[in-house]
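Labels below follow one simple rule: chain letters A, B, ... track the order of the sequence lines, proteins then strands, and each chain is numbered from 1. In what follows, every heavy atom counts, from backbone to side chain, and hydrogens, waters and symmetry copies are set aside.
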2 protein chains.
Amino acid sequence: MNKVKLDEIDHQILDMLIDNTRTPFTDIAKKLLISAGTVHVRVKKMEESGIIKGSSLTLDYVKLGYSFIAYVGIFLEKTHQTKFVLERLSQIPYVTVAHITTGKFNIFCKIRAKDTTHAKNIIFKIDDIEGISRTETMISLEESINDKRRLMHTIFNEL
Amino acid sequence: MNKVKLDEIDHQILDMLIDNTRTPFTDIAKKLLISAGTVHVRVKKMEESGIIKGSSLTLDYVKLGYSFIAYVGIFLEKTHQTKFVLERLSQIPYVTVAHITTGKFNIFCKIRAKDTTHAKNIIFKIDDIEGISRTETMISLEESINDKRRLMHTIFNEL
DNA sequence: GGTGAAACTTCTAATAA
DNA sequence: TTATTAGAAGTTTCACC
């Protein structure tokens with residue numbers, strides 16, 4: 001859970017890998033004027049320390065037939081049911097993100113669906129979970145920003 | 001924007017790469033009983049067709065000193081200012097996601113910050129954008145689910 | 001810590017089926 | 001479309017700074 005110290009070299013390695021996880025270590029080495037072996041060792045260390053948790057593809061959900069996004073705010077009957085409800089939510093694969101929140105809602109989640117009909121079924125399934133008193137849905141008309149890279153570049157340039 | 005047809009082999013390739021983008025094609029080939037060349041050709045095609053948009057590292061934000069997540073609902077003075085406001089939001093790197101939504105809010109965004117003080121500054125910056133009449137913040141106490149892989153596995157097993 | 005080179009593995013593109 | 005293959009390229013290890 002604690003912070004980890006990374007130096008400028010580490011930041012630059014991450015900065016390149018963030019945009020393409022398959023960037024050859026030899027390319028990174030060339031750009032940073034270090035050896036490929038060093039890149040390898042540093043990446044390995046960042047994996048071991050947990051800074052790098054893994055890698056994943058960015059796929060085009062729309063092309064896969066999943067163009068519907070909605071956020072669902074959940075009101076619980078009693079807050080101590082949070083764990084149980086989250087357990088149930090996690091069994092619905094279309095719920096891709098969920099947070100316990102302060103403010104308006106007790107739990108806040110994001111769903112991905114094929115279309116409105118599909119989404120309706122998912123939301124009904126959520127509504128049916130015991131312990132949930134009410135939900136409020138916000139349908140995404142357009143995902144205008146989705147860019148963790150900008151944040152990462154900012155973080156890496158901070159030091 | 002249109003859907004793309006993928007067969008079972010493509011799905012299985014994606015399914016393996018989703019969990020680790022550096023999985024050697026030779027490993028994938030062995031598991032699927034095809035040649036590494038075939039894997040290579042298919043991945044390339046999926047990249048060209050746009051199904052695979054890219055790859056990215058999953059980093060531990062907490063270890064990087066960014067443990068604060070909040071969702072901010074935005075009410076606009078007039079809806080036609082949406083574009084302008086989004087433009088401004090996209091200049092704040094700590095705003096990692098933003099959607100135009102129906103329902104309670106006009107725009108809905110997610111922010112990542114170091115701590116509450118940092119978050120406060122970001123939210124003030126959002127509040128200051130011209131055209132925004134009011135915002136409502138939901139602070140994440142815990143990110144309980146964050147798993148697009150479960151969804152992908154489901155999609156791949158659908159056919 | 002880092003390097004450079006050797007040994008090993010993987011990628012890639014051309015050819016053939 | 002897929003398989004094979006061989007040369008190019010990348011990764012990983014290790015003795016030595």
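- When heavy atoms are screened at a 4.0 angstrom cut-off, A/K45 is found touching the sugar-phosphate backbone but no base atom.
- In this structure, B/E47 atom CD and C/dT12 atom C1' are separated by 13 Å, rounded to whole Å.
- Listed pair A/H40 / D/dT12 meets the phosphate criterion, a side-chain N or O lying under 4.0 Å from OP1 or OP2.
- In this structure, the nucleotide among C/dC11, C/dG4, D/dA3 sitting nearest to the side chain of B/S35 is D/dA3.
- A/T21 and B/T21 are linked by a side-chain donor-acceptor pair at a separation below 3.5 angstrom, with hydrogens and angles left out of the test.
- Taking atom CZ of residue B/F25 and atom P of nucleotide D/dA3, one finds them 15 Å apart after rounding to whole Å.
- Taking atom CD1 of A/I34 as the reference point, atom C1' of C/dG4 lies 14 Å away to the nearest angstrom.
- Between A/R88 and A/D128, none of the side-chain N atoms (NZ, or NE/NH1/NH2) sits under 4.0 Å from a carboxylate O, so this pair counts as no salt bridge.
- For the pair A/I28 CD1 and C/dG2 P, the interatomic distance rounds to 14 Å; values are reported in whole Å.
- When side chains are defined from C-beta on, B/N106 does not count as touching B/I74, because their heavy atoms never get closer than 4.5 Å.
- Residue A/D10 contributes atom CG, which lies 10 Å from atom P of C/dG1 at whole-angstrom precision.
- Between the CD atom of B/E48 and the C1' atom of C/dT12 there is a distance of 14 Å, given to the nearest Å.
- Comparing A/A36 and B/T23 along DNA chain C, the residue whose closest nucleotide (by nearest heavy atom) sits nearer the 5' end is A/A36.
- Checking the phosphate oxygens (OP1, OP2) of D/dG10, no side-chain nitrogen or oxygen of A/R22 falls inside 4.0 Å.
- Under the 4.5 Å side-chain criterion, counting only non-hydrogen atoms from C-beta, A/K104 is in contact with B/K104.
- For the pair A/E8 CD and C/dG1 P, the computed distance is 17 Å after rounding to whole Å.
- Between the NZ atom of B/K30 and the C1' atom of C/dT10 there is a distance of 11 Å, rounded to whole Å.
- Considering only side-chain N and O atoms, B/T38 lies under 4.0 angstrom from the phosphate OP1 or OP2 of D/dA3.
- Here the nucleotide nearest the side chain of B/D27, chosen from C/dT10, D/dT12, D/dA3, is C/dT10.
- Contact annotation: B/K44 reaches the phosphate of C/dA13 (side-chain N/O to OP1 or OP2, under 4.0 Å).
- Across all strands shown, B/T26 has heavy atoms under 4.0 Å from sugar-phosphate atoms exclusively, and none from any base.
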query = Does the ring-ring contact (aromatic ring centres under 6.0 Å, His included) test come out yes or no for A/F108 and B/F108, once each step is laid out?
reply = CA-CA 12 Å; A/F108 191 71; B/F108 191 71; 5.2 Å; yes
